[in-house]
Each structure stands twice: as structure tokens, then as C-alpha cells.
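In what follows, every chain begins at residue 1, and chains take the letters A, B, ... in the order their sequences are listed.
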Amino acid sequence: MSDLHQPVLQWYDEHARELPWRGPSASAWSVMVSEFMLQQTPVARVLPVHEQWLSRWPSPADLAAEPSGEAVRAWGRLGYPRRALRLHAAATAIVQRHGGEVPEEYDDLRALPGIGDYTAAAIATFAYGRRHVVLDTNVRRVFARAIQGVQFPAPAVTKAEREVALAVLPGEEDAPTWSVAVMELGALVCTAASPRCADCPIAGLCAWRSAGHPAYDGPPRKTQAWAGTDRQCRGRLLAVLRDSDGPVHRSRLDAAWSDEGQRVRCLASLVEDGLLVHAAPDVYALP
DNA sequence: AAGCCGTGGCC
DNA sequence: TGGCCAAGGCT
């Protein structure tokens, strides 16, 4: 197992991208903001927004001091805007419970809104050098192939995956670099659709490659519908608010989505989620 | 625990 | 062209 360490670490040393939330100068808050934004959103789209956020809100207290609607607006088109709400709520909790400092303990991080197993491990590891199993989609795919010998991991994280990841996790000294290196390998080389095995530092050790790249034979992987869904409708409605300076009249929202029943339902769900407020009769605004 | 939650680029 | 995919979390 530890045969993997040296080649992966060396490959990372030579090929790692320089990203603003990596390196010794990045604050824990910068790491935390990046992890929220990177949940299901590619690096290239996160970069400019992350820079704006850190410039405008250099600490959790700076963000917590503003209305949550400012976070939603500044989230722009990153998608899944509830993440902006949760990040704002997490910043508020950090001010209230942790003196304004991003907590260092996994359990404290895990208790914050919007932080699940992956993000708690990532912040503890990358911001504080702690030793935790970091299992994101990239790491899961690399281990599925290199160690388990299958093309794709199971739909949900399994106990066996956690055990494998823990078994190959190096000591605290190398744990953070190891995790970010495996993630980077998955992002740049061991990609989902067309892996570049010729450029892979562990191709010679890869169980999937040794087995002749057998095709995935697990349960069908779910693909998300989009056109005409509530998600598309919610996105359209929220975009109207984001692109306006202040509150908007309902007529503007009516123009954004023709199906009235769906529009009314989605408007209600946005208010329920806290992404919109009903400011006055027929007037909506960001919170 | 299976389904829901945005958005845009890519092959 | 359009399904697939991207540093998940919540219920």
C-alpha cells in the first residue's frame, strides 16, 4: 500500500496547480470558503468568486456582520445557493461559539451548518495539518481504480472505502499533502470520463489497469434531470433577485417562468429555504 | 436512504 | 448534440 506514497507525492510536487487556498499563506477561513464553494463546483469557476469573497470578507466576523442576502448575491452563479446561506450561518456560529476563529477540531467543524464528513476532514487537514480520512469524489475514484480495481466507486461511501483510505493514510507529517495529492491526481489524471493513464505515476501499481480496465458493472449511476424542473425554475427566479439592486415586484418574477403553478411553488420553497423574503405584498427581496 | 438542490463546460 | 460531470450536504 505504501508503495503508492512516494510516486504520488513526487508527482504532486511536480504537477500541483497553484491555488490561492493552498500554501502556508492561506488562512483557515480561506480554506473553509474554498471548500464550501468547491462542493460540486469546478475549480475554474470558484477562483474569481473566492478572491472576491476573501477580499470583501477577510474573516468569519466580516461575513457574519452582513445580512445573509449579501452572501447569496455575492455567490453569483456558482450554483446551489443554499451553500452561501450555510456558509453565512457557519460564520455566524464561529463568531458565537469559537471566538471568531475557524475551529480546529473535526467534531467542532462537523457541527457547523453545511459541513459534512468530507468538508470537516478537509478543513482540519488542509488548514490545520491534522490527520483525517479525506474522501471526496476524486479520492474515491482513484482508490476504486488503483486499489479496488474497478472503474467507479459505489454510489455512496462504504465502510470498506473508509477502511482502505485509512489503511493508506500516512502519518500526520505527510497526511495533508497525501490527501491533496490524491485529490489532484483524480482531478487532473485519473479523471472520470477519460483517464490519462500514460501520465499516471502509479499506473504500474493500478489494479484496474492490471485487470484490463474492466467496465463499470455496478448499479446505474443516477443522472439529474434539468429542463423544466423546480431546480431550473428556482434558479431563474433567484437570478432575477441577484441581478437586481433591491426588492423586485412579482411581475418581474412572473416574467421569468411561465408555468404559474410551478412558479408559485418554487417561490414558496425559496422563501422556506431562506433564500428569499416576502418583503411586502407582491414584493420579494434577498434576505 | 434515495432524492433533491444550480450551473456551465466538455467530448 | 446532449448526457455526463464537478473538492457534497441535508432530509
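Contacts of A:Ala192 with the nucleic acid, taken as non-hydrogen atoms under 4.0 Å apart, involve only primed sugar atoms and P, OP1 or OP2. A:Gly79 comes within contact range of at least one nucleobase, with a heavy-atom separation under 4.0 Å. At a threshold of 4.0 angstrom between heavy atoms, the contacts of A:Leu19 include nucleobase atoms, whether or not backbone atoms are also involved. Using a 4.0 Å heavy-atom distance criterion, A:Thr191 is classed as making no nucleic acid contact. If you check every strand for non-hydrogen atoms under 4.0 Å, A:Trp21 touches a base. Backbone-only engagement by A:Asp117 is indicated by non-hydrogen atom pairs under 4.0 Å involving sugar-phosphate atoms exclusively.
Summarising the geometry, the separation between CZ on A:Arg236 and C1' on B:dC5 is reported as 17 Å, rounded to the nearest angstrom. A straight line from CZ of A:Arg83 to P of C:dA6 spans 14 Å, rounded to a whole angstrom. Taking atom CD1 on A:Ile123 and atom C1' on C:dG8, their separation rounds to 12 Å, with Å as the unit. At whole-Å resolution of the value, CG in A:Leu78 and C1' in B:dC5 are 14 Å apart. At whole-Å resolution of the value, CG in A:Leu38 and P in C:dG9 are 12 Å apart. Put simply, CD1 on A:Ile115 is 14 Å from C1' on C:dC10, counting in whole angstrom units. Counting to the nearest Å, the P atom of C:dG8 and the CD atom of A:Gln224 are 12 Å from each other. Rounded to an integer number of Å, the gap from A:Arg86 CZ to C:dG8 C1' is 9 Å.
Spacing of P atoms, B:dG3 relative to C:dC4, comes out at 16 Å, to the nearest Å. Comparing the P positions of C:dA7 and B:dC10 gives a spacing of 14 Å, expressed to the nearest Å. Distance check on atom P: B:dG8 versus C:dG9 gives 23 Å, rounded to whole Å.
The same ILVMFWY cluster, assembled from side-chain heavy atoms under 4.5 Å apart, contains both A:Leu188 and A:Phe143.
Residue A:Thr41 places a side-chain atom within donor-acceptor reach of the base of B:dG6, judged by atom type and a 3.5 Å distance cut-off alone. Residue side chain A:Arg45 reaches the base of B:dT7 through a donor-acceptor N/O pair under 3.5 Å, judged by distance alone.
When the nucleotides C:dC4, B:dG6, C:dG9 are ranked by their closest atom to the side chain of A:Thr223, C:dC4 comes out on top. Minimum atom distance to the side chain of A:Gln39 is reached by C:dG8, of the listed C:dG8, C:dA7, B:dT7. Taking only side-chain atoms of A:Tyr80, from C-beta outward, the nucleotide of B:dG6, C:dA6, B:dT7 with the closest atom is B:dG6. Ranking B:dG6, C:dA7, C:dC5 by closeness to the A:Pro81 side chain, first place goes to B:dG6. Between C:dG8, B:dC5, B:dG8, one nucleotide has an atom nearer to the side chain of A:Gln40 than all others, and that is C:dG8. Taking the side chain of A:Arg234 as heavy atoms from C-beta on, and the options B:dC5, C:dA6, C:dG8, the nearest nucleotide is B:dC5. Residue A:Arg82 has its side chain nearest to B:dC5 when only C:dA6, B:dT7, B:dC5 are considered.
Remark: A:Thr119 is in phosphate contact with C:dG9, judged by side-chain N or O atoms under 4.0 Å from OP1 or OP2. OP1 or OP2 of B:dT7 lies within a sub-4.0 Å distance of a side-chain N or O belonging to A:Arg242. At C:dC4, none of the side-chain N or O atoms of A:Arg221 fall inside 4.0 Å of OP1 or OP2 (strictly under the cut-off).
By the 4.0 Å N-to-carboxylate-O rule, A:Glu163 lies close enough to A:Lys159 to be salt-bridged with it.
In terms of position along DNA chain B, the nucleotide closest to A:Arg77 lies nearer the 5' end than the nucleotide closest to the other residue of the pair A:Arg77 and A:Ser194. Residue A:Ala193 is the one, among A:Gly114 and A:Ala193, whose nearest nucleotide of DNA chain C lies closer to the 5' end (criterion: closest heavy atom).
A side-chain donor from one of A:Glu66 and A:Trp57 sits under 3.5 Å from a side-chain acceptor of the other. In this structure, a donor-acceptor pair under 3.5 Å is present between the side chains of A:Ser59 and A:Asp62. Inspection of the A:Ser30 and A:His50 side chains reveals an N or O donor paired with an N or O acceptor under 3.5 Å. Checked by atom type, the side-chain pair A:Tyr118/A:Gln39 shows no donor-acceptor distance below 3.5 Å. Side chains of A:Ser258 and A:Arg263: a donor-acceptor N/O pair is absent below 3.5 angstrom, by distance only.
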